[in-house]
2 protein chains.
Amino acid sequence: MNIGEVATKSGLPAKTIRYYEDIGLIRPDRHDNGYRLFRQPHLHKLMFVARARSLGFSIDDCRVLLALYDDDSRASAQVKALAQDHLAQIDAKIAGLRAMRDTLADLVDACHGDSRPDCPILKDLAAKHHG
Amino acid sequence: MNIGEVATKSGLPAKTIRYYEDIGLIRPDRHDNGYRLFRQPHLHKLMFVARARSLGFSIDDCRVLLALYDDDSRASAQVKALAQDHLAQIDAKIAGLRAMRDTLADLVDACHGDSRPDCPILKDLAAKHHG
DNA sequence: CATAGGCATTCCAGTCACTGGAAGCTCAAC
DNA sequence: GTTGAGCTTCCAGTGACTGGAATGCCTATG
């Protein structure tokens, strides 16, 4: 398969796939003409990575996950630990965003949003926030 | 005030404040020796930006917000529109993260996490995901 | 055989908002 | 005068791509 075909099949842009090769995440073969030659296992890896990325795993996490996947003697505990760690990070990010969201929503609610210049949102931004 | 003092007072690293000058967000004066000279309004602006950033506004948003803050004839509707837009983006991001989180949490739950290699997390990553 | 197009290649630069580090200058204290 | 903290500039790196330019390859048609 050429890069266009794996791009379609994996849902990843060709640019991204080339980038993944650059950083050593996949190592496709080459045709005589220099074109990348992807075989079934390459496509499989790319789909694996695409899925992991869609779950928010970093590229480095993906490297580890791929290695674990390739390692028949892995302990599932290793995978679970990695996933739990990542889950905790997502939870933290959600919590941070929710705090943001709530504050911002209060401000938006408080702002009448008409043609007058008086604005609680700007007032809040301009107020001193300790801590 | 020197940069160290405004850094302490605003809670922003000195590096960040220099960066904000680089990109034209603030324009402190200068001492004869080349040191930046911050006055009260500069500090005020920095605190304004710090608060806006903590609410997730982009630097470009901050530029607009500062301009609106400086403009006595602004309509609060403009500020509200910007904030609502940003709120919608935060909501979208939270929704995305929650979907991620739920999927991942299911996988973590399904994984026994012991010394055996069998792992539902890796199985999911390796499975074909359409759509 | 020339050419047009669509695909592929490489390489460089830009994104966003910083952050780290090196090399050197200034200032206050001892 | 020497130390050390604080300031300066400039360059490079982060993460994970993304855009674009310049060029090469392949296929199909006139």
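Because the structure is a prediction, the values reported are computed rather than measured.
Residues meeting the side chain to side chain donor-acceptor pair (under 3.5 Å) test with A:Asp22, sequence neighbours left out: none. Every residue two or more places apart in sequence or in another chain that forms a ring pair (Phe, Tyr, Trp, His ring centres under 6.0 Å) with A:Phe48 is listed here: A:Tyr69. In terms of the salt bridge (Lys or Arg N to Asp or Glu O under 4.0 Å) criterion, A:Arg74 has no residue partners (sequence neighbours excluded). With sequence neighbours excluded, no residue forms a side chain to side chain donor-acceptor pair (under 3.5 Å) with A:Arg98. In this view, A:Asp72 satisfies the salt bridge (Lys or Arg N to Asp or Glu O under 4.0 Å) rule with no residue, not counting sequence neighbours. With sequence neighbours left out, the ring pair (Phe, Tyr, Trp, His ring centres under 6.0 Å) criterion links A:His86 to A:Phe57. Under the salt bridge (Lys or Arg N to Asp or Glu O under 4.0 Å) criterion, B:Arg39 pairs with B:Asp29, not counting sequence neighbours.
End-to-end axis angle for the helix from C:dC1-D:dG30 to C:dC30-D:dG1, using five pairs per end and rounding to 10°, comes out at 30°.
Residue-to-nucleotide proximity on DNA chain C shows that, of B:Tyr19 and A:Gly34, the 5′-proximal contact is made by A:Gly34.
Nearest heavy atoms, B:Lys80 versus A:Cys111: NZ-O, 2.7 Å.
The phosphate of C:dA17 (OP1 or OP2) has no side-chain N or O of B:Arg18 nearer than 4.0 angstrom. The shortest distance between the side-chain N/O atoms of B:Tyr20 and the OP1/OP2 oxygens of C:dC18 is below 4.0 Å.
The distance between atom CD1 of B:Ile23 and atom P of C:dT19, rounded to the nearest whole Å, is 12 Å. Atom CD in A:Glu5 sits about 13 Å away from atom C1' in C:dC7, given to the nearest Å. One atom, CG of B:Asp60, and another, C1' of C:dG14, lie 15 Å apart when rounded to the nearest Å.
Among residues at least two apart or in separate chains, side-chain hydrogen bond (donor to acceptor under 3.5 Å, both in side chains) pairs with a member in residues 11-21 of chain B are B:Glu21-B:Arg30, B:Glu21-B:Arg36.
The distance from the CG atom of A:Leu104 to the CD atom of B:Gln89 is 11.0 Å, given to the nearest 0.5 Å. The OG1 atom of B:Thr103 sits 6.0 Å away from atom CG of A:Leu55, with the distance rounded to the nearest 0.5 Å.
Interface limits on DNA chain D: the 5'-most and 3'-most nucleotides within less than 4.0 Å of chain B heavy atoms are D:dG6 to D:dC10.
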Going 5' to 3' through nucleotides 22-30 of chain C and flagging B where a protein heavy-atom sits under 4.0 Å of the base, S where only the sugar-phosphate is that close, and - otherwise, we get ----BS---
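Contacts of residues 40-59 of chain A with DNA chain D (heavy atom under 4.0 Å): A:Arg53, A:Ser58, A:Ile59.
Side-chain contact of B:His31 with B:Asn33: a donor-acceptor pair under 3.5 Å is absent, judged by distance alone.
Within the 4.0 angstrom heavy-atom criterion, only backbone atoms of the sugar-phosphate kind lie near A:Ile3; the bases stay farther away.
Salt bridge annotation for A:Asp118-A:Arg116: absent, with no cationic side-chain nitrogen under 4.0 angstrom from a carboxylate oxygen.
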